[in-house]
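Residue numbers run from 1 in the order of the sequence given.
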Amino acid sequence: MIVAILFNELVQGAAIVAITYLAVRCVSERNAATRHALWFSGLLALVFVPLLTIVSNVGARLVDVLRPSGGVHATTVWLIPAGTIAHDATQLAAPVASWIIAVWLIGAAVQGSRLVASLLWIERIRRNAAPLDICGECVLVSTDVTIPIAAGLLKPVVIIPKMVVETLAPNDLERVVAHERAHIRRKDILGNLIQRSMEAVLFFNPCVYIIGRNLINERESACDDVAVQQTGAVTDYAECLASLAQSVRRRQAPLLTPSALGSRNALVARIERLARNGASGATSLNYYPIGGTIVVFAILTLALQALSPASAAPTYTSPAFLSGGSVVAAAACTVPNADARVITPVPPAIPDSAAHLRGAVDIIVTIASTGHVSSAAVEHSSGNPKADAAVLKAAKTSTYSPARKDCKPVVGRYLFHATFKPNS
């Protein structure tokens, strides 16, 4: 399952980034707070969408519930290769699965150690810092950092480098403190911790870094807007950023702290944004695009669940349809490489208590190279134990021909699917 989830992270991550990007494009750059919230929802989706696709089948159950009702009860049965795309990738990677998991665990541990080191560094900085009374409460001055930061989850404080205090004018120092206090009010310290933790776990996925970079840019822009509203004109604030960048030659700060300065290119982009927008941007959230994006992510998750496991194969072999008590099996496959097929599909003996059953049953059937059923288990229940038992018995007693690879019979794992619905 771990390998399947890691594979889904790569495959589905691109779709999540694309959806988030389109949503952000619908929001003005003046509203950096909303754009940041959209990218943060994309970051969470990067974890939960692939995970729920693997561990839940709510989407498939929803499709069953929404099937139209009608008059005469009928049943459709078919056999398809079992598993999602991720499952098939897992099967291909089975010989090296333990190595994949080991490499992932080692990489996550290395990245996690960086976070622990950052926390220890922050604690040392706070312990050695001194109060900066001219800037109010919860503002410290330190010689251990070179750029202003906001630090601390439980008792957050603003920490200003001593060199910056000695270099900047009092008004500019006030603007810098206002920016860092905006990080504290917006809970950016916690958000940054979540972001960095996900980057540590998903270090192999480029999508998490794309989202992370945009998160940082929009987060800093949102705090710029708050600082401008509190301290005065945009031009003065932009000049303050430029002065701060010139006074800081070496940018050194813990990984787990949001700060007023990023890369030089990012800083130039923030100044240009302030110049384009003139007055400060909106500091409140627009919940409509945020809610709409979350709904799209939910729909994506349900769609992936509904397509699983049928999306694993572009076609299925040997469908058998049961209608009016007769079963018709497809013709035998003559190609050298083929999936298993049903030779004699056995119709489920549906009990009278399930005569009006609506839903579906999925049975995972393992077919040996001899064509015999080596195991069968219920993967997706209809909610009716008797109907499940009937389909399980039918799957076990049906006869199959094995899958072939290079004309040689091989073991296959397949889905025996039975759908119960009234005829329209």
Side-chain angles (χ1 to χ4, degrees), residues 4-54 85-86 89 100 103-104 107-108 110-112 114-115 118 183 186-224 251 253 255-259 261-270 272-273 285-286 289-290 292-301 303-304:
I5 294 174
L6 297 179
F7 181 83
N8 271 0
E9 291 288 347
L10 291 171
V11 174
Q12 299 172 13
I16 292 170
V17 170
I19 291 171
T20 310
Y21 174 79
L22 293 175
V24 169
R25 293 285 293 178
C26 296
V27 178
S28 170
E29 72 169 4
R30 288 170 54 85
N31 196 340
T34 298
R35 291 162 69 97
H36 174 268
L38 288 171
W39 282 114
F40 196 81
S41 67
L43 181 68
L44 297 178
L46 199 60
V47 173
F48 289 106
V49 172
L51 178 63
L52 291 176
T53 302
I54 292 293
I85 295 176
I100 293 175
V103 170
W104 171 66
V110 171
Q111 297 296 321
R114 295 178 63 215
L115 302 185
S118 179
H183 281 307
R186 284 169 36 85
K187 309 297 182 183
D188 285 337
I189 300 175
L190 176 60
N192 186 58
L193 174 62
I194 294 173
Q195 173 193 337
R196 298 302 186 182
S197 299
M198 290 187 179
E199 288 177 355
V201 175
L202 304 178
F203 65 91
F204 60 90
N205 191 344
C207 294
V208 74
Y209 299 107
I210 295 174
I211 293 178
R213 183 184 63 206
N214 285 281
L215 265 176
I216 293 173
N217 293 339
E218 299 298 347
R219 180 181 70 203
E220 298 306 319
S221 295
C223 291
D224 288 342
R251 292 170 170 81
L255 185 64
L256 292 178
T257 57
S259 62
L261 287 181
S263 67
R264 187 171 299 275
N265 291 337
L267 186 60
V268 170
R270 287 165 56 192
E272 291 177 346
R273 171 184 174 272
L285 294 177
N286 183 344
I290 298 173
T293 303
I294 294 174
V295 170
V296 172
F297 287 142
I299 293 173
L300 173 65
T301 304
L304 291 170

Could you check if a side-chain atom of I189 sits within less than 4.5 angstrom of a side-chain atom of T257, using non-hydrogen atoms only? no
side-chain contact (heavy atoms from CB on, under 4.5 Å) with V296: which residues, sequence neighbours excluded? I19
For Q195, side-chain hydrogen bond (donor to acceptor under 3.5 Å, both in side chains) partners two or more places apart: E199
Can you tell which of I216, L215, N217 makes a side chain to side chain contact (heavy atoms under 4.5 Å, CB included) with R213? N217
CZ-CZ distance between R30 and R35, expressed to the nearest 0.5 angstrom: 12.5 Å
Here's a test for you: under side chain to side chain contact (heavy atoms under 4.5 Å, CB included), which of N214, V24, D188 qualifies with H36? D188
A32: which residues meet the side-chain contact (heavy atoms from CB on, under 4.5 Å) condition with it, sequence neighbours left out? E218, S221, A222, D225, R273
By side-chain hydrogen bond (donor to acceptor under 3.5 Å, both in side chains), R114 pairs with (sequence neighbours left out) Q111
E272: side-chain hydrogen bond (donor to acceptor under 3.5 Å, both in side chains) partners, not counting sequence neighbours: none
Residues that S118 engages under side-chain contact (heavy atoms from CB on, under 4.5 Å), provided they are two or more places apart: I122, P254, L255, L256
How far apart are the closest heavy atoms of G42 and T20, and which atoms are they? CA-OG1, 3.6 Å
A side-chain contact here means heavy atoms from C-beta on lying under 4.5 Å apart; do V208 and F203 qualify? no
Can you list everything that forms a side-chain contact (heavy atoms from CB on, under 4.5 Å) with N205? Sequence neighbours excluded, please. E9, L10, L46, L202, C207
Nearest heavy-atom pair of L285 and A33: which atoms, and what distance? CD2-O, 3.3 Å
Closest non-hydrogen atoms of P289 and L38, given as atom of the first, atom of the second and distance, are O-CD2, 3.6 Å
Could you report the tightest heavy-atom contact between W39 and I211, atom names first, then the distance? O-CG2, 3.4 Å
Are there over 12 heavy-atom neighbours, none belonging to F48, within less than 6.0 Å of that residue's CZ? no
Using the rule given for side-chain contact (heavy atoms from CB on, under 4.5 Å), can you reason through F40 versus I194, listing the C-alpha separation, both sets of side-chain angles and the distance that settles it, and then say yes or no? CA-CA 10 Å; F40 196 81; I194 294 173; 4.0 Å; yes
Expected output: side-chain R196 to main-chain L115 donor-acceptor under 3.5 Å: no
Write down the atom of P50, the atom of A45, and the distance for their closest heavy-atom approach. CD-O, 3.4 Å
Working note: I16 + L300, criterion side-chain contact (heavy atoms from CB on, under 4.5 Å); need CA distance, chi angles, decisive distance, verdict. CA-CA 9 Å; I16 292 170; L300 173 65; 4.3 Å; yes
Please list, chain by chain and in numerical order, all residues satisfying side-chain hydrogen bond (donor to acceptor under 3.5 Å, both in side chains) with T34, sequence neighbours excluded. N31
Side-chain heavy-atom pair R219, N192 within 4.5 angstrom cut-off: yes
